[in-house]
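Everything below concerns the one structure shown next.
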Amino acid sequence: MAFARAARRPLGVFFYSASGRFSSGNEYSTVTSKLESLSQYKSSVLPGYASPVRGFGNFLRGFSSEAPAVADQMSLIKQLRQRTSAPIKDVKASLVECNWDLEAAQKDLRKRGKVLASKKSSRTAAEGMLAVAQNEGKVAVIELNCETDFVARNDIFQYLALAMAKHALLIDNTSQQVSGVFHFGPELFEELKLNLDHPKVNGETTVSNAVTEVAAIMGENVKFRRGFLLSKSSAGVLSAYLHTCPQPGLGRIAGIVSLEVEGETTQLEALQRVGSELAMHVVAAKPLFLSKDLVSSEAIANEREILKSQAESTAKSQMAVEKMVEGRLRKYFEEVALMEQKFIMNDAINIKTLVDNLSKEVGSPVKVANFLRVEVGEGIEKLEASDEPVAQTA
């Protein structure tokens, strides 16, 4: 027992000196020099002996690395978080990886984000926003999809959607017919250059890269799905209406109407008023065709077959069945053809009567040249059922 206590005593004294008095440089150097002398002696007596001083010195130097102080680290994490909106865990990991170099860490985060975005690109993206931009002769509508409504309400996501819609006005659609609807997809739009000016996404980049960067920031699958351009003739107006509109130019459902007037007219205010009402009507009434003359023969044949089957189940005569089919077919036209629909603001008249009244008001013949109704996510479930890529094609 006495021997054991005597053996433990020098060890306790050593740890006391090593741990409690290292604040003094002299004591540290004294202990170090004694250890060094002892190591030199053992090295000369015992070949292959490794000095413990070197390992001890490396241990101490580990606490004096080039990493900044805790307060500086928190400041860098905050700055990078504000720049990128990336999760704090990823922000800190990139800073540590890049030895707390802010610019290098930002580049590293972008690389990480692109990898994550590519992994999430197969997820269903049925939420999102429609963005509408307009100039004197065109209206552009683009659909930007994401996975959740939460991301669709995000400022960065909405900024990108509006920037894309404004840039879509630059697409050349002169080859199409006047007042026609020009549809374009990712293959035409994604390689065009955008000039972004947002604190989190800025600089010149392609549409595709901008979408990928926003997807990395949001942590969701973000995709540009489709876009439309409507043009008008020199004499006429383009009117747009957005439903569920969080800010000007954005919404979940868009209605666009092109009105044309023969000759010159000074009654532009009346045209714009009725055009806005018609755009709202298109959103609410969901027409599929401009007029009954434009309803496809295939759609008529399918509807006639359904109506005939329903009428025959009443066990009435063939003549009665034919009359029932024709009457219900007229009702069908009133549901799907814009010019035959009852006006939602005054169901005593239909759209054809509304336009005729407008012609009398402005003193020149007016016609609805075209219309467009777009809704976020429409058709995506159908695409999933047919195993086609989700949120990529209209």
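- Tyr332 belongs to a hydrophobic cluster whose remaining members, ordered by chain and number, are Leu288, Phe289, Val295, Ile300, Leu307, Val321, Val325, Leu329, Phe333, Val336; membership requires side-chain heavy atoms of ILVMFWY residues under 4.5 Å apart, directly or through intermediates.
- Sorted by first and then second residue, the pairs that involve residues 154-163 and meet side-chain hydrogen bond (donor to acceptor under 3.5 Å, both in side chains), not counting sequence neighbours, are Asp155-His198, Gln158-Gln247.
- Side-chain contact check for Leu338 versus Val257: every heavy-atom pair is 4.5 Å or farther apart.
- Using a 4.5 Å cut-off between side-chain heavy atoms of Ile, Leu, Val, Met, Phe, Trp and Tyr, with links allowed through other members, Leu229 and Tyr241 fall into different hydrophobic clusters.
- Residues Val368 and Val141 do not share a hydrophobic cluster, defined by chaining ILVMFWY side chains whose heavy atoms lie under 4.5 Å apart.
- The minimum heavy-atom distance between Ala163 and Leu196, with the atom names listed, is CB-CD2, 3.9 Å.
- Across all their heavy atoms, Glu262 and Ser364 have their closest contact at O-CB, 3.3 Å.
- Screening residues 310-323 for side-chain hydrogen bond (donor to acceptor under 3.5 Å, both in side chains), with sequence neighbours left out, gives Gln318-Glu322.
- Between the side chains of Glu213 and Thr205, no donor-acceptor pair is found at a separation under 3.5 Å.
- Glu375 meets the salt bridge (Lys or Arg N to Asp or Glu O under 4.0 Å) test with Arg373; sequence neighbours excluded.
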Donor-acceptor pairs under 3.5 angstrom involving side-chain atoms of residues 268-277: please list them, not counting sequence neighbours.
| unit_1 | atom_1 | unit_2 | atom_2 | d |
| --- | --- | --- | --- | --- |
| Arg273 | NH2 | Glu361 | OE1 | 3.2 |
| Ser276 | OG | Gln272 | O | 3.0 |

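- Residues Val374 and Phe228 meet the side-chain proximity criterion, which asks for heavy atoms closer than 4.5 Å.
- Within 6.0 Å of CG on Asp197 lie no more than 12 heavy atoms contributed by other residues, nucleotides or ligands.
- Proximity of a side-chain donor or acceptor of Lys138 to a complementary backbone N or O of Ile171 within less than 3.5 Å is detected.
- Cluster membership for Leu294 and Val181, using ILVMFWY side-chain heavy atoms within less than 4.5 angstrom, is not shared.
- Rounded to the nearest 0.5 Å, atoms CD (Gln134) and CG (Leu230) are 10.0 Å apart.
- Listed by chain and number, the residues in a salt bridge (Lys or Arg N to Asp or Glu O under 4.0 Å) with Asp149 are Arg153 (sequence neighbours excluded).
- In terms of the salt bridge (Lys or Arg N to Asp or Glu O under 4.0 Å) criterion, residue partners of Asp356 (sequence neighbours excluded) are, by chain and number, Lys352.
- The closest side-chain heavy-atom distance from Val261 to Gln267 is not below 4.5 Å.
- Minimum heavy-atom separation, Cys146 to Ala152: SG-N, 3.7 Å.
- For Glu127, the salt bridge (Lys or Arg N to Asp or Glu O under 4.0 Å) partners are Arg252, not counting sequence neighbours.
- Rounding to the nearest 0.5 Å places CD of Glu136 at 12.0 Å from CG of Leu169.
- For the pair Met345 and Leu354, the minimum side-chain heavy-atom distance is 4.5 Å or more.
- Salt bridge present: Glu147 and Arg123 bring a charged side-chain N and a carboxylate O closer than 4.0 Å.
- Closest approach of Ser239 and Ala279 over heavy atoms only: O-CB, 4.0 Å.
- Residues Leu290 and Asn370 fail the side-chain proximity criterion, which asks for heavy atoms closer than 4.5 Å.
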Determine, stepwise, if the pair Val211 / Leu144 fulfils side-chain contact (heavy atoms from CB on, under 4.5 Å). CA-CA 9 Å; Val211 170; Leu144 188 63; 4.3 Å; yes
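- By the 6.0 Å contact criterion, NZ on Lys342 is enclosed, its count of non-hydrogen atoms from other residues, nucleotides or ligands being greater than 12.
- Residues Leu238 and Leu130 fall within the same hydrophobic cluster, defined by Ile, Leu, Val, Met, Phe, Trp and Tyr side chains chained together at heavy-atom separations under 4.5 Å.
- Atom CD of Gln341 is separated from atom CD1 of Ile351 by 6.5 Å, given to the nearest 0.5 angstrom.
- Rounded to the nearest 0.5 Å, atoms OG1 (Thr353) and CG (Leu358) are 12.5 Å apart.
- The side-chain contact (heavy atoms from CB on, under 4.5 Å) test applied to Ala131 returns Ile142, Ala161, Leu162, Ala165, Leu250, not counting sequence neighbours.
- Every residue two or more places apart in sequence or in another chain was checked for a side chain to side chain donor-acceptor pair (under 3.5 Å) with Ser291, and none qualifies.
- Within the 4.5 Å cutoff, no side-chain heavy atoms of Leu259 are placed close to those of Phe371.
- Listed by chain and number, the residues in a ring pair (Phe, Tyr, Trp, His ring centres under 6.0 Å) with His243 amount to none (sequence neighbours excluded).
- With no hydrogens or angles considered, no side-chain donor-acceptor pair links Asn209 and Thr212 at under 3.5 Å.
- Hydrophobic clustering (ILVMFWY, side-chain heavy atoms < 4.5 Å, transitive): Leu170 and Leu188 are in distinct clusters.
- Summarising the geometry, atom OG1 belonging to Thr206 is positioned 8.0 Å from atom CG belonging to Leu194; distances are rounded to the nearest 0.5 Å.
- Of the possible polar contacts, one joining the Ser359 side chain to the Val366 backbone as a donor-acceptor pair under 3.5 Å is found.
- Across Gly255 and Val282, no two heavy atoms sit closer than the pair CA-CG1, 4.3 Å.
- To the nearest 0.5 Å, the span separating CZ on Arg328 from NZ on Lys308 amounts to 14.0 Å.
- Using a 4.0 Å cut-off between a side-chain N of Lys or Arg and a carboxylate O of Asp or Glu, Arg225 and Glu143 qualify as a salt bridge.
- Closest approach of Lys200 to Ile217, counting heavy atoms only: O-CD1, 4.2 Å.
- Listed by chain and residue number, Phe189 satisfy the ring pair (Phe, Tyr, Trp, His ring centres under 6.0 Å) test with Phe184 (two or more places apart in sequence, or in another chain).
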